[in-house]
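Just so it is clear: chains get the letters A, B, ... in the order the sequence lines come, proteins before strands, and each one is counted from 1.
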Number of protein chains: 2
Amino acid sequence: MSSGTLLYAQSGGVTAVINATASAVIQTARAHKIKVLAARNGILGALREDLIDTSKEPIAAIRALTHTPGGAFGSCRFKLKSLDEDRAKYERLLDVLRAHDVRWFLYNGGNDSADTALKMSKLATEFDYPLACIGVPKTIDNDLALTDCSPGFGSAAKYTAVSVREAALDVAAMADTSTKVFVYEAMGRHAGWLAASAGLAGHGPDEAPHLILFPERPFDEADFFARVKAVVERVGYCVVVASEGIQTADGSFVADAGGGVDSFGHSQLGGVASHLAGRVQHVLGYKVHWALPDYLQRSARHLASKTDLEHAQAVGKAAVEFALAGMNSVMPVIVRTSDAPYRWKIEAAPLSKIANREKKLPAGFLRRDGYSITEKARTYLEPLIRGEAPPPYGNDGLPKYVTLKNVPVARKLERWSEE
Amino acid sequence: MSSGTLLYAQSGGVTAVINATASAVIQTARAHKIKVLAARNGILGALREDLIDTSKEPIAAIRALTHTPGGAFGSCRFKLKSLDEDRAKYERLLDVLRAHDVRWFLYNGGNDSADTALKMSKLATEFDYPLACIGVPKTIDNDLALTDCSPGFGSAAKYTAVSVREAALDVAAMADTSTKVFVYEAMGRHAGWLAASAGLAGHGPDEAPHLILFPERPFDEADFFARVKAVVERVGYCVVVASEGIQTADGSFVADAGGGVDSFGHSQLGGVASHLAGRVQHVLGYKVHWALPDYLQRSARHLASKTDLEHAQAVGKAAVEFALAGMNSVMPVIVRTSDAPYRWKIEAAPLSKIANREKKLPAGFLRRDGYSITEKARTYLEPLIRGEAPPPYGNDGLPKYVTLKNVPVARKLERWSEE
């Protein structure tokens, strides 16, 4: 083993393929004889000195992470504030990293996590501690800046498009005497990337989804009702995909069923589909069904996109290579070099240009009326859901997902007292 | 072509594999040189003389039905009443069958459809019209009498078990700082078969799902809260699977979000998960997420069970063979001859013993406390979700589902005027 360890942690909402990134990180580091520690529950594990020794896991388990959804080491929703406000926490982190001879810190998350990695890097520089901080991209929301797409998104997008296509066949069969309107709620607080991916399920105005509601466009209920009615009268039924974050023109969320805010300060949403379904049934009189896949859409490893899986593995491998090459405060991002055939490569991008930014759907991806996607969007989205990468199944009919032993590393410091 | 045609129709909620049954019916009939007509939208198509000539479909399209969810000819929720009450309708049906020389009527549905097929058979006998009426089993609810299981159930059960296992991995990763309780709502008005199948996702008290709520047991909110709290404190999080039809001891449904009744007179449910999630969050203070897969669970052909698919094909083939062998008022049912190795065969069962009956979960399938399944249930359920049968995928990343041409047969009668 070389001197120094690599610390890896997962942050924010997990995805169907974040463990594939973890697997690539660990396998690449092992190939370079670098020991990998993992922080349990993201940055909190680092603060608590609750670290996991991944060298205790057999290679078969590490390989099985490639096809296991969830977050194998635990994730967290915990955002560090500015260096000034949370200085004690950052210094504690540095103490923990130093105590375990961590020279490379890889934080696998979204734009908030990129911010944390960036600040860690600044602090290390200030204290003259040799630490490479690398952000590793992950989010089903696909809202990370600079990268062409975010690992995790392609699989959630594939789940969305396939589910909408399948449910639409069900609705089409039942519409004559039963359900005429079906509403599918897609995740996406401020950016309608997953709602847009539902558009891949059909072609032309008569194929489902007939109406997509994006957070990028104000929701106008009267206009929506008129369109639902027109589709039902023309096609016989109407499949609606609604992004959880749609808002009316005055900026209020259409449904705020969950209430409150999470620890990142984001509103907790949910219930848009149920709200719309109730309104459509009440106002238009149609029988309505709705679906809220919730976590199913981001954990459906059984329906992962092969492209997405390859991205997830590539960013993990590149993150280690960048770190070992002495790079700092960067994130491996996916750069698209060709649409057809789809080609991509990994490059390093500065965390400072990614942290806390949010990439929305480009205006050119939304049809002029705001209820569907354009060919440009389709060209962008389609390669991301291409290819299948099913997990192995057992004789019990279930995917063979792995649970790691997660052997803790002996503590070297006092307990963290600030929780 | 032999003299006489075979009329096939789909009824009630569709499944991931009902079209596989249709495919087997058509392929078997073609092999016997029998022309197959399909009624559009179930029995309504027969009443309306809205018939489809399946001989206009190329064999490749008929084969592709095997991997296409939904109901290729349309289904319906429309129940005929007793022969006395709906005599005019039954006589109209007989007129339509006679006009198109239908000698074999195959009705693919649940217990209500078995009742319709049975009555049609009685009327034909009364009018001395030579007609074989065969019920063909289908329902994700698995509540059909006599048959060991119902085609469509195994795939919905596999979807349920896989989805719960996947979502549970997500919750486990997030529980430290975010969601502690996850509620998954499974279909099933009066019988908890799908909720029970979620039990296959884990083993022992600490693996998800931790609590299953069955319609067969009265829901006691205080007891439920105490158990949720105990699981969260012991495991760190709690995954709950709730059957849509759970009721309190006084027989009232826990949530009746949809309101009203469908045309079969069944209450329209939905919203149990959202209700429970709200209550748990309010009373116990845990952050809660919930999922309502709705139609996704019965149309997820991408995750079909191979066993279920084989059942669906076998009942379709047998239905035609029974009809051609001169049998009447029967249904091909699945008879289990061995659990391990799992073996089964098809036998004929009288419609009179299936019509309008509802098979609930045997008491021996529920753990004594009513919150999980027994080993006996596991032994029964596991073979039904065993094996994968994925559809072919296109280069667009989506399953290649077929849409039939559904060429109408020329009408020979006056329009049906009673709608």
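For the atom pair A/S75 OG and B/D170 CG, the distance stands at 9.0 Å (nearest 0.5 Å). A distance of 4.5 Å separates OG in A/S163 from CG in B/L296, rounded to the nearest 0.5 Å. One distance of note links CG of B/L169 with OH of A/Y295; it measures 13.0 Å at 0.5 Å rounding.
With a 4.5 angstrom heavy-atom cutoff, A/F182 touches chain B only via side-chain atoms. For A/A172, no part lies under 4.5 angstrom from a heavy atom of chain B. With a 4.5 angstrom heavy-atom cutoff, B/Y159 touches chain A only via side-chain atoms. Looking at B/T403, neither its backbone nor its side chain comes within 4.5 Å of chain A, counting heavy atoms on both sides. For a residue to count as touching a neighbouring chain, one of its non-hydrogen atoms must lie under 4.5 Å from one of that chain's; by this rule A/L303 touches chain B with the side chain only.
A side-chain donor from one of B/Y401 and A/E166 sits under 3.5 Å from a side-chain acceptor of the other.
When each of B/L200, B/T68, B/T179 is scored by its heavy-atom pairs under 4.5 Å with chain A, the top score falls to B/T179. The most heavy-atom pairs under 4.5 Å with chain B, out of A/G42, A/A300, A/A16, come from A/A300. For the set B/N41, B/I18, B/V171, the count of heavy-atom pairs under 4.5 angstrom toward chain A peaks at B/N41. The candidate from B/K158, B/R298, B/K306 with the greatest count of non-hydrogen atom pairs under 4.5 Å with chain A is B/R298.
Closest approach of A/A201 and B/L398 over heavy atoms only: CA-CD1, 4.2 Å. Nearest heavy-atom pair, B/G70 versus A/A173, reported as atom, atom and distance to 0.1 Å: C-CB, 4.5 Å.
Between A/R48 and B/D176, at least one side-chain N (NZ, or NE/NH1/NH2) sits under 4.0 Å from a carboxylate O, which counts as a salt bridge. Between B/R386 and A/D396 there is no salt bridge, since none of the side-chain N atoms of the basic residue sits less than 4.0 Å from a carboxylate O of the acidic one.
In terms of modelled atom types and a separation under 3.5 Å, the side chain of B/T177 and the main chain of A/F78 share no donor-acceptor contact.
When each of A/E388, A/H302, A/R165 is tested with B/H302 by the rule side-chain hydrogen bond (donor to acceptor under 3.5 Å, both in side chains), just one qualifies, namely A/H302.
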